[in-house]
Protein chains: 2
Amino acid sequence: MQNRLTIKDIARLSGVGKSTVSRVLNNESGVSQHTRERVEAVVNQHGFSPSRSARAMRGQSDKVVAIIVSRLDSRSENLAVQTMLPAFYAQGYDPIMMESQFSTERVEEHLQMLSRRNVDGIVLFGFTGVTQELLAVWQSSLVLLARDANGISSVCYDDEGAIRILMENLYARGHRYISFLGVPHCDITTGKRRHDAYLAFCQQHHLEPRSVLPGLGMKQGYEHVAQVLSPNTTALLCATDSLALGASKYLQEQRIDNLQLASVGNTPLITFLHPEIITVDPGYAQAGRQAAAQLIDQINDRASPRQIVVPARLV
Amino acid sequence: MQNRLTIKDIARLSGVGKSTVSRVLNNESGVSQHTRERVEAVVNQHGFSPSRSARAMRGQSDKVVAIIVSRLDSRSENLAVQTMLPAFYAQGYDPIMMESQFSTERVEEHLQMLSRRNVDGIVLFGFTGVTQELLAVWQSSLVLLARDANGISSVCYDDEGAIRILMENLYARGHRYISFLGVPHCDITTGKRRHDAYLAFCQQHHLEPRSVLPGLGMKQGYEHVAQVLSPNTTALLCATDSLALGASKYLQEQRIDNLQLASVGNTPLITFLHPEIITVDPGYAQAGRQAAAQLIDQINDRASPRQIVVPARLV
DNA sequence: CTGTTAGCGCATTCAG
DNA sequence: CTGAATGCGCTAACAG
């Protein structure tokens, strides 16, 4: 990259002082309409844009945020990141990506590196093991996704709501023997909350609950569905799309095709493979948007940490 | 973020001049062992790290690269990015992410933004429509993935090799009626090259080719497999995992289970759903590593643009 | 070998 | 309303 123009050049070219150019660039008041227009003309004409680094050094903020996903190939996180990126770019923030791979040590390493790098903020996709003391330092410049923690911002999915919607739907369709395939309770959100919501609905409607909580992989779904199937089971509710995928493989192999599937996830894959499945969209896209917005607000001191829950929606 | 230490503080704390600290930080020669150690001690003790922005301003390089994926939820690209990230971080580069969504206009926008931001380099996942004139300006600081273009660096997959390996394998297993499900030729690599390799093998072994090239989505696979199935077909070769996924859905619905499936992709999903499938790993992981390495070498003028092909491997 | 000096491009006083 | 001067943290060129 060759010699870029500087604010000084623009000043010379438009016959004003450097500071005037600076004022125009930052939309500051105190510049006559006439001068402003002339400077803007020169700026546009040369496609000038001020040096990030110089600005950062002066300011404090390098306008860089980090997004720490658990895994790059997580469908749900992809959907959230997809809406997050444009939101950050629109505000002039460069998002750098990191992968935690569900390891708290990795998160710690990344956080440390980010603190050195002086990033403005962080969006962290939470998982079991990510505790608030780990994040305490970042409190004011971090948004946790899919998990909540005391004192720090978070954007969570409405686990109870998602399950309730699905159960109501299944119930309305006449199903009375609905089994549940879920995730262990050590996973608070996807595990405990969704399972509890299932149990609550069953109790409220005098249904006999029947559930197993093997984990969140396809494989677990495949290997453990059998345990919740009884002769009178008519519907199967899965806590995640991955579980549903695994379960569906088993069902197909066993030629069981009279079971109504339902799951929370709404990822494109499951919808393609099973158009007849009933799914709830936890609101990944909205969560991404909100997380970005909240983080930016916090960075600019326009908001304090707060817990956000995005609504689930039947599709 | 509170007041961070500066190089000046470290200088004062260790009783030397600023430039000496700078020399130590940059591992420059011309510093006595004794002084170096003392400075390093102070640096470590305070966990000091120099300001990126200040460095960038002085040096030109902000040590930032961009990764432009086509879609965040592309399995293959995920696998490549997964190895790329650590490679960049290891060399002190911050990778910022962008999504092209297969739109050349988006690529153009992003490229323009990146030129303003003065990034050091770019990894771009290519697709049909990405031409060399678009990239010409970046020539020396761009690595194209999965596609090649004149004069610019690229890391490609061995499309011919991948197909040949699979065909040889199928042939060796006794299959003589092998159908092909592929992608239109307007997609040079995944489309034309793979199809041509299939045709070449057929001709060479006097097999009757039978193929259809609907596209690269699951849906296309699902809707068009039927066209290549004849009573004597014993094997089906798919140009991508997505196609295989779509095809397999159709096969399952039609209760056709005497067909040997093969595909190039090796994504975890297909292997889970169809353990019996024969797949070739195009080398996504290695491609990511290589792309990062090549880009870094180019940035540091340790390499000129070159075309790399990663080998395919039967799994 | 080491300290001093002078900018890099910008935002921010401070005078006009 | 506007321009000149100052310094952010760092590296490079220059003296000791």
Side-chain angles (χ1 to χ4, degrees), chain A residues 1-43 46-64 92 115-120 300, chain B residues 1-43 46-64 92 115-120 300:
Chain A
M1 302 303 107
Q2 58 299 350
N3 303 337
R4 293 166 51 102
L5 294 168
T6 79
I7 194 176
K8 199 170 159 187
D9 300 316
I10 302 298
R12 186 170 37 74
L13 257 41
S14 39
V16 300
K18 296 193 305 179
S19 33
T20 303
V21 177
S22 177
R23 290 191 186 98
V24 172
L25 255 29
N26 298 333
N27 278 317
E28 281 175 24
S29 61
V31 181
S32 75
Q33 190 59 27
H34 179 63
T35 312
R36 180 181 298 276
E37 276 167 7
R38 201 176 48 206
V39 173
E40 278 171 348
V42 178
V43 165
H46 292 70
F48 168 81
S49 77
S51 145
R52 276 180 99 64
S53 346
R55 266 201 163 155
M57 195 166 80
R58 206 68 196 67
Q60 294 306 359
S61 158
D62 17 11
K63 286 256 187 185
V64 170
S115 124
R116 293 187 176 296
R117 306 251 158 136
N118 223 30
V119 296
D120 296 304
N300 302 330
Chain B
M1 302 301 110
Q2 59 298 349
N3 303 338
R4 292 168 52 101
L5 295 165
T6 80
I7 197 177
K8 197 170 162 188
D9 299 317
I10 302 298
R12 186 169 38 71
L13 258 39
S14 41
V16 301
K18 295 192 308 178
S19 38
T20 302
V21 177
S22 176
R23 290 191 185 97
V24 172
L25 256 30
N26 297 331
N27 280 316
E28 282 175 23
S29 61
V31 181
S32 76
Q33 189 58 29
H34 180 63
T35 313
R36 181 180 297 275
E37 277 167 7
R38 201 177 47 205
V39 173
E40 277 171 347
V42 178
V43 166
H46 292 73
F48 167 81
S49 75
S51 146
R52 275 178 100 62
S53 349
R55 259 194 172 161
M57 197 168 77
R58 206 65 201 69
Q60 300 303 3
S61 156
D62 20 8
K63 286 255 184 186
V64 170
S115 122
R116 293 187 176 296
R117 306 249 158 135
N118 224 29
V119 297
D120 296 302
N300 302 330

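In what follows, chains are A, B, ... by sequence order, proteins preceding strands, each numbered from 1.
Regarding A:Lys63, its NZ atom lies at a distance of 16 Å from the P atom of C:dC10, rounded to whole Å. Remark: C1' of D:dG7 and CE of A:Met57 are 8 Å apart, rounded to the nearest angstrom. As rounded to whole Å, 9 Å separates atom P of D:dT2 from atom CZ of A:Arg36. Atom CG of B:Asn118 and atom C1' of C:dG9 are 12 Å apart (whole Å). Regarding B:Leu25, its CG atom lies at a distance of 8 Å from the P atom of D:dC10, rounded to whole Å. Whole-Å rounding puts the A:Arg12 CZ to C:dG9 C1' distance at 14 Å. Regarding B:Ile10, its CD1 atom lies at a distance of 12 Å from the P atom of D:dG9, rounded to whole Å. One can place NE2 of A:His46 at 17 Å from C1' of C:dG9, the figure rounded to the nearest angstrom.
A donor-acceptor pair under 3.5 Å is absent between the side-chain atoms of B:Arg4 and the main chain of B:Ser51, judged by distance alone. Between the side chain of A:Ser22 and the backbone N or O of A:Lys18, no donor-acceptor pair lies under 3.5 Å. Counting only distance, with no hydrogens or angles, the side chain of A:Arg36 and the backbone of A:Arg23 share no donor-acceptor pair below 3.5 Å. A side-chain donor-acceptor contact under 3.5 Å links B:Thr6 to the backbone of B:Lys8. With A:Arg52 contributing its side chain and B:Ser53 its backbone, the two residues share no donor-acceptor pair below 3.5 Å.
Counting any heavy atom pair closer than 4.0 Å across all strands shown, A:Thr35 reaches sugar-phosphate atoms only and no base atom.
Among B:Leu25, B:Asp9, B:Val42, the one residue that satisfies the side chain to side chain contact (heavy atoms under 4.5 Å, CB included) test with B:Phe48 is B:Leu25.
For A:Ser32, taking side-chain heavy atoms from C-beta onward, the closest of the listed nucleotides D:dT2, C:dT2, C:dC10 is D:dT2.
Using a 4.0 Å cut-off, some side-chain N or O of B:Arg55 falls inside it from OP1 or OP2 of D:dT11. The side chain of B:Thr20 places an N or O atom within less than 4.0 Å of a non-bridging phosphate oxygen (OP1 or OP2) of C:dG3.
Taking the side chain as every heavy atom from C-beta outward, B:Asp62 and B:Asp120 approach each other to under 4.5 Å.
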With 3.5 Å as the limit, what N/O pairs link the protein to nucleotides 12-16 of chain D?
none

